[in-house]
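Below is one structure, written out as structure tokens, with a few remarks after it.
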Amino acid sequence: MADINTINKDFADLFNQGNELLLEGSSDVMNKTRKNAFQDFAKLGVPTRANENYKYTNLIPAFDHPYNVNLRYQQVDVDLNEIFQCDVPELDTNMVLLTNGWYYGNNKELTELPKGVIVCGVQEAAEKYPEIFNAHYGKYAKTDDDGLVALNTALAKDGFFIYVPKGVVIEKPIQVVNLLRSDRDLMATQRNLIVVEENAQAKIIVCDHTLTHHKYLTNSVTEVNVARNAIFDLYTLQNQHLNSVILNSTYIRQESNSNVLSNTISLYGGTIRNNHHVILDEEHCENNTFGMYLMDRDQHVDNFTSIDHAKPNCLSNEHFKGVMDDQASGAFAGRIFVRRDAQQTQAYQSNNNLLLSNDAVINTKPQLVIDADDVKCSHGATVGQMDEDALFYLRARGIDEKEARQMLMFAFAHEIIDKIRVEPLKERIDELVDKRLRGEISKCNTCAIACNH
Amino acid sequence: MLSIKNLHVSIEGKDILKGINLDVKPGEVHAIMGPNGAGKSTLASVLAGRDLFNVTEGEVSFQGKDLLDMEPEDRAKEGIFLGFQYPIEIPGVSTVNFMKTAVNEHRKYKGLDPLSASDFLKLMREKKSLVEIDSKLTNRSVNEGFSGGEKKKNEIFQMAMLEPKLAVLDETDSGLDIDALRVVANGVNKLKTRDNATIVITHYQRLLDYIVPDVVHVLYDGRIVKTAGKELALELEEKGYDWIKEENGK
């Protein structure tokens, strides 16, 4: 097995040898950010378990593989729009596709979007809308803190860009489907930017799919800025396969009176690491950070979250739940910072885990750093088995043990699904989770939300 | 219908039931009374199939089948219903879904097709009015946030939905105010037929003002020490359990 130095050196070689391709087609701002990011990466490297924040996830096996890397957009030999078609009319979304981290070149035009809304690739946004793009790009995801973010920023070429202008309310959710489709093992780098302006409202659903059984590693970073009085939902559905690695870092900044809800649902993936960072940068923000993971076999999931109450009078609710079976392993870290002057903060956090086997492992670690004195904070973590009393109650009514277990697992997970603020999506995820818990989704190509291929 | 012979049960090595004999015929209502710790709830749990208990001796047959050999769900489908002393709250499982699954499992066991959604809702409505349970309770998760009385009413509602042959109601009267008690008792009485039977387990005589038993048993220290008609309940109400204890040497 390669050691971490070899892995880091390979990335240095890639950066240097691929420099021309990396610079090509990217804006000056992206390339300047890229250069600094690479310097940070050279110092930080891919995080190892020696790094306290990555103590429970060993990334060396994930990176130790000869992946193919596309530094240039690859034409797709089929029409992905044909492959993906909505079969659920109730879940009506504005859908765009990405292929291997790049904005798909033949996306259909989203004709129903309100005026001024922009949905396009990051490369295109940097070129066409530099004022918006440059004001936000690289501002929230700091490259000097996390090697994965530094690596992403150093290699970033494309991803999706969504802009919602002041006062615009998008009724229909925007659905972004990240497709991994390659005839070789592939590492994809995806860099996304979402800007929601004052008084605007948008809901975004991001789905991760693998279309072939190759080994994939995705290192994605999403930056989000939610301005005053805006309401924003981000639903992330991770449904890849057991041979894939999902490294997903999200940085959300909130301005005054904004309301953000995120819900990260991990159904399938070999190794999943979600870094979720929120900063409540002005007063009277509300943040809801939810997540659910259903892991079995040798899957691994690690949700690393931080909610930074930088200003007074904000509210945050964080709740993650997981069902772990077989030899699956996982971790949850929930950091809440309440800064010195952030009085009247309310911050609540909980993490509940259901372990279905003796071999499943979960490490859960709440961490509250409170520097203000007038705050309400709570945290709680539970790790438990199936409630035997509840199981008996169901069985005593004639429901067989297997079905009773299924009902209880589903009920456990449903609490998180119930937080989804898009009704048809909620129903769809309910169905999907029910199937997942019954073991009926066992391969990557199962369509996750509303798509049929 | 139910025949219990010399039933001995222990939990963690401690003997709780020490030779119970009981016969229940269709159409009968039996009351089992007794002081705390006598083994009343253990008997109910063992009949329903709770595996916390070890049956060390004896046999139980239900309609000619060996009951102790069956899984809890099969006992339920054979027609045994346990009304829980402490009904369990199950957040996230809706009462509708719970009952629909249970009713259809029962139907499948009898070789019937599952009920259609509309037939099921019709059945729910019918049974809800029969047991006077509030609609809002069945729209919620099973027992979640219910008061004691609501939980007990919900047990009777479930009983109405499942139409058991033998209902074992474990301390169904505990924690009930007089109105809830009346609702629960009315429900039980309305569901009574010539073909089904009920075992009412209770500490107090109060419930038996509403559900009139054919036979009253006193369970004490793991054995049935007295069996008589409904007048026994009144005697117990008047004199308490001390005389039973004295008669049995404690």
Side-chain angles (χ1 to χ4, degrees), chain A residues 263 265 290-294 319-323 350-354 356 380 382 384-420 423 426-427 429-438, chain B residues 44-53 70-110 140-144 151 154-155 157-164 167-168 170:
Chain A
N263 201 335
I265 297 173
F290 303 126
M292 182 178 68
Y293 38 96
L294 309 176
H319 196 176
F320 277 72
K321 282 184 130 181
V323 181
S350 61
N351 172 233
N352 312 110
N353 297 282
L354 188 56
L356 302 179
T382 62
Q385 275 109 37
M386 190 78 77
D387 179 348
E388 290 295 327
D389 289 333
L391 194 60
F392 179 67
Y393 191 73
L394 297 175
R395 293 179 72 191
R397 296 295 177 256
I399 298 169
D400 75 47
E401 188 180 350
K402 193 166 165 250
E403 186 63 29
R405 284 183 185 278
Q406 170 72 18
M407 286 173 84
L408 292 178
M409 280 191 286
F410 182 78
F412 179 82
H414 181 76
E415 190 181 355
I416 296 296
I417 304 170
D418 209 34
K419 315 274 193 197
I420 294 173
E423 202 56 38
K426 192 195 284 188
E427 285 164 24
I429 304 270
D430 264 346
E431 262 174 55
L432 194 66
V433 166
D434 186 54
K435 278 190 185 160
R436 173 68 183 84
L437 289 171
R438 286 176 194 278
Chain B
S45 294
V46 167
L47 292 178
R50 188 78 217 242
D51 59 5
L52 292 171
F53 304 96
M70 288 183 217
E71 295 294 330
E73 52 268 35
D74 292 330
R75 299 181 192 202
K77 287 181 282 198
E78 284 288 335
I80 289 195
F81 179 90
L82 172 63
F84 283 65
Q85 182 177 5
Y86 303 109
I88 311 294
E89 297 194 20
I90 312 182
V93 173
S94 74
T95 300
V96 174
N97 190 32
F98 169 44
M99 274 296 102
K100 197 171 173 178
T101 309
V103 165
N104 284 333
E105 288 283 337
H106 282 249
R107 290 180 65 87
K108 193 162 89 187
Y109 196 72
K110 291 178 190 138
R140 288 169 28 193
S141 290
V142 178
N143 293 323
E144 192 186 16
K151 284 180 182 169
N154 195 20
E155 294 293 288
F157 165 68
Q158 292 172 35
M159 177 178 156
M161 291 294 289
L162 299 172
E163 299 180 332
V168 182
D170 186 10

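Within every chain, numbering begins at 1; the chains are lettered A, B, ... in the order of the sequence lines, protein sequences first and strands thereafter.
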On a heavy-atom basis, the closest approach of B:Gly83 and A:Arg397 is CA-NH2, 4.5 Å

Which value, rounded to the nearest 0.5 Å, describes the distance between A:Leu394 atom CG and B:Ile90 atom CD1? 4.0 Å

Select one option (side chain, backbone, both, neither) describing which atoms of A:Glu401 are under 4.5 Å from chain B's heavy atoms. both

Using 0.5 Å steps for rounding, measure from the CG atom of B:Asn97 to the NE2 atom of A:His414. 10.5 Å

Quick test of your reading of the model: are B:Lys77 and A:Asp400 salt-bridged, counting only N-O distances below 4.0 Å? no

Which atoms form the tightest heavy-atom contact between B:Ala76 and A:Arg395, and what is the distance? CB-O, 4.1 Å

Choice from B:Arg50, B:Glu105, B:His106, B:Glu71 maximising heavy atom contacts with chain A below 4.5 Å: B:Arg50

Determine, step by step, whether B:Thr101 and A:Gln406 satisfy the side-chain contact (heavy atoms from CB on, under 4.5 Å) criterion, reporting the C-alpha distance in whole Å, the side-chain angles of both residues, the deciding distance to 0.1 Å, and the verdict. CA-CA 12 Å; B:Thr101 309; A:Gln406 170 72 18; over 6 Å; no

Closest-packed option against chain A by number of heavy-atom pairs under 4.5 Å, given B:Leu82, B:Leu52, B:Ile80: B:Leu82

Heavy atoms from other residues, nucleotides or ligands near CZ of B:Phe53 exceed 12 (cutoff 6.0 Å): yes

All heavy atoms of A:Ala411 vs all of B:Gly92, minimum pair found to be CB-C, 3.5 Å

More than 12 heavy atoms of other residues, nucleotides or ligands under 6.0 Å from CD of A:Glu388: yes or no? yes

Polar side chain donor-acceptor pair, A:Tyr393 to B:Glu89, under 3.5 angstrom: no

If I measure from the heavy atoms of chain A, does B:Val103 come under 4.5 Å with its side chain, its backbone, both, or neither? neither

I need the minimum non-hydrogen distance between B:Ser45 and A:Phe392, along with the two atoms involved. O-CZ, 4.5 Å

Out of B:Met159, B:Gln158, B:Met161, which one racks up the most heavy-atom pairs below 4.5 Å with chain A? B:Gln158

Tell me which of these, B:Ala48, B:Ser141, B:Ala102, B:Pro164, has more heavy-atom pairs under 4.5 Å with chain A than the rest. B:Ala102

Closest non-hydrogen atoms of A:Ile399 and B:Glu73, given as atom of the first, atom of the second and distance, are O-CB, 3.5 Å

